[in-house]
Amino acid sequence: MNYPIEDILHQHSGLLSRVASTYEASESIRQELYQEICIAVWQGMARYKGDASIKTYILRIAHNRCISHVSKEAKIAPSESFTEQTDTDFNHTDSEDDAAAMYASNLPTPEQTMLQSRQLEQLLAEIRQLKMPQRQVITLSLEGLSYQEIADITGVNSGNVGVMITRLKSELQRKLQDE
Amino acid sequence: MNNDNQNQRDEPLDLSSVWQQQKPLTVDLVDIKRQAQQQTRKQRLYILVDLLSLLPVIIFFILDLTLTAIMQTFLYVSFVIAGINMIYFLKLRWVSAFGAIQNTEDYKQTLLKQLGNNAKIARINKHLSWIVVVAMILLITINNWYYEVAIATSLKKLSIATAVMMLCLVPWYIWANKRQARFERELWALKISLEGRSS
């Protein structure tokens, strides 16, 4: 069966980008890693038998590719902190327009945007310090996967997945909120 | 303002929404398709090259050259070692190119084993390079002594054979040494990563 691989890659670009950022702090190497993940997914789809969801399947490929990457990047390039942030695009409008004013009031303030950026940077830094199995479990959880799906991808027992996630989330929340 | 900050600290942080803020990376899908197809072609080519690597030795058998017993024995032993080497790497390439996608835990264990084995094989290949030179010198010397070849002729053949072998095997030694270092480094890096370290 032929799968529209371009559509799959396009649809899951955010997901696969986030997998790359889990393993690589350097922006330039992260881009290369993302490219390698896409190539691996392209090749992997030829072997897809439909025994798992496409999302689960490509996540397995992506994480496996990253595991190989980790071993190959042993030269330890100087790690850059993750500073790539989302663009903030404020559209302050005439305050006499209620709809526009409400829209503007729902936009994050510069302080909130800075806080969110810092939180993201911190979250990534903390995740990258975790042991690999924990890193995989927590990031898959943050992607909204079920315990069983996470167990299928990582090979960790689904019961242990739940315990791990609860503990890791609690630790991460504490660390981020203490800063 | 202070109350807002306090409220933020009291409410558990929604990690998923922080996580999802990341901006997606972009790639040229046309280029990805081209590279994926190129890699598949390369994998198939490497498999073919692995299969053909035994051809020089097979040709010796087909040509049915009149070789001394010692030389024949050496040829058979080379064929067996090369054959085992070929089967191992063929299996690795086949699994990598066409095998089922494993879960990450199984993949990690497979990769650890492979890196360990590849480092061992590279170390064996490295030492085989000088062992072959020494063995060939001994074989030729014994062969020439057994068949009473004149010393001058024997020395001439030995010098030529040694020069040719050094030409081939010194680069082989250097290459195998680099491969051993590389696989040991990758194995170390993977083990460290599994134990968790600062990125």
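A note on names: the letters A, B, ... follow the listed sequences, proteins ahead of strands, and every chain is numbered from 1.
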If we define contacts as heavy-atom pairs under 4.5 Å, which of A:Val41, A:Ile39, A:Leu16 has the most with chain B?
A:Ile39

A:Gln119, part contacting chain B, at a heavy-atom distance under 4.5 Å:
both

Which atoms form the tightest heavy-atom contact between A:Pro133 and B:Leu194, and what is the distance?
CD-O, 4.2 Å

Which portion of A:Ser170 sits near chain B, non-hydrogen atoms under 4.5 angstrom:
neither

Any link between B:Val77 and B:Val80 through a network of hydrophobic side chains (Ile, Leu, Val, Met, Phe, Trp, Tyr) touching at under 4.5 Å?
no

Select one option (side chain, backbone, both, neither) describing which atoms of A:Leu123 are under 4.5 Å from chain B's heavy atoms.
side chain

Side-chain heavy atoms of A:Met132 within contact of B:Thr104, under 4.5 Å:
no

Applying ring pair (Phe, Tyr, Trp, His ring centres under 6.0 Å), name anything that partners B:Tyr76, two or more places apart in sequence or on another chain.
B:Phe61

Okay, side chain of B:Gln20, backbone of A:Leu142: is any donor-acceptor separation there less than 3.5 Å?
yes

Check this for me: A:Lys55, atom NZ, are more than 12 non-hydrogen atoms of other residues, nucleotides or ligands nearer than 6.0 Å?
yes

Once side-chain hydrogen bond (donor to acceptor under 3.5 Å, both in side chains) is applied, what residue pairs with a partner in residues 127-140 of chain B remain, sequence neighbours excluded?
B:His127-B:Trp130

Kindly give the heavy-atom pair with the smallest separation between B:Trp19 and A:Thr22, and that separation in Å.
CH2-OG1, 3.4 Å

In this structure, would B:Met136 and B:Leu138 fall into the same cluster of hydrophobic residues linked by side-chain contacts under 4.5 Å?
no

Chain A shares the most heavy-atom pairs under 4.5 Å, among B:Asp106, B:Leu111, B:Val30, with B:Leu111

More than 12 non-hydrogen atoms from neighbouring residues, nucleotides or ligands closer than 6.0 Å to CZ on A:Arg47, yes or no?
yes

Quick check on B:Asp28 against chain A: is it the side chain, the backbone, both or neither that has a heavy atom closer than 4.5 Å?
neither

One should read off an interatomic distance between B:Lys108 NZ and A:His63 NE2, to the nearest 0.5 angstrom, of 10.0 Å

Let's test your reading of the structure: which of B:Leu187, B:Val18, B:Leu190 forms the most heavy-atom pairs below 4.5 Å with chain A?
B:Val18

Can you say whether A:Glu36 sits under 4.5 Å from chain B via the side chain, the backbone, both, or neither, judging by heavy atoms?
neither

Would you say B:Ile81 ends up clustered with B:Tyr173 if hydrophobic residues are merged whenever their side chains have heavy atoms under 4.5 Å apart, either directly or through other cluster members?
no

Close side-chain approach of A:Gln35 to B:Asp31, heavy-atom, < 4.5 Å
yes

Proximal component of B:Gln38, with respect to chain A [non-hydrogen, under 4.5 Å]
neither

Between atom OG of B:Ser193 and atom CZ of A:Arg135, what is the distance when rounded to the nearest 0.5 Å?
5.0 Å

When the 4.5 angstrom heavy-atom criterion is applied to A:Thr139 and chain B, the contacting part is both

Can a donor-acceptor pair be found, under 3.5 Å and without considering hydrogens, that links the side chain of A:Gln173 to the backbone of B:Leu13?
yes

Is it true that B:Leu128 and B:Met86 fall in one hydrophobic cluster, defined by side-chain heavy atoms closer than 4.5 Å?
no

What do you reckon, is OH of B:Tyr88 surrounded by more than 12 foreign heavy atoms closer than 6.0 Å?
yes

Between the NZ atom in B:Lys23 and the OG atom in A:Ser17, the distance rounded to the nearest 0.5 Å is 11.0 Å

What part of A:Ile67 gets within 4.5 angstrom of chain B, counting heavy atoms only: side chain, backbone, both, or neither?
both

What distance do B:Arg182 atom CZ and A:Ser71 atom OG have between them, rounded to the nearest 0.5 Å?
9.0 Å

Heavy-atom contacts under 4.5 Å, residues 148-172 of chain B to chain A:
none

Find the distance between OH (A:Tyr48) and CD1 (B:Ile101) and round it off to the nearest 0.5 Å.
12.0 Å

Determine all donor-acceptor pairs shorter than 3.5 Å in which one atom belongs to a side chain in residues 151-159 of chain A; sequence neighbours excluded.
unit_1	atom_1	unit_2	atom_2	d
A:Asp152	OD1	A:Gln148	NE2	3.2
A:Thr154	OG1	A:Ile150	O	2.7
A:Thr154	OG1	A:Val156	N	3.2
A:Asn157	OD1	A:Gly159	N	2.8

Taking all heavy atoms of B:Leu15 and all of A:Lys169, pick out the closest pair and write down the distance.
CD1-O, 3.8 Å

Closest-packed option against chain B by number of heavy-atom pairs under 4.5 Å, given A:Cys66, A:Ala52, A:Ser68:
A:Ser68

Could you state the interatomic distance from CG (B:Leu25) to CZ (A:Arg18), rounded to the nearest 0.5 Å?
10.5 Å

So which part of B:Ile32 gets closer than 4.5 Å to some heavy atom of chain A, the side chain, the backbone, both or neither?
both

Is the count of non-hydrogen atoms from other residues, nucleotides or ligands lying under 6.0 Å from B:Trp94 atom CH2 greater than 12?
no

Residue A:Ile127 versus chain B: region with a heavy atom under 4.5 Å
side chain

Note: A:Gln31 and B:Thr26 closest approach over all heavy atoms is NE2-O, 2.8 Å

Is A:Ile54 reachable from B:Leu29 through a run of hydrophobic residues whose side-chain heavy atoms are each under 4.5 Å from the next?
yes

Counting only heavy atoms not in B:Tyr46, do more than 12 fall under 6.0 Å of its OH?
no

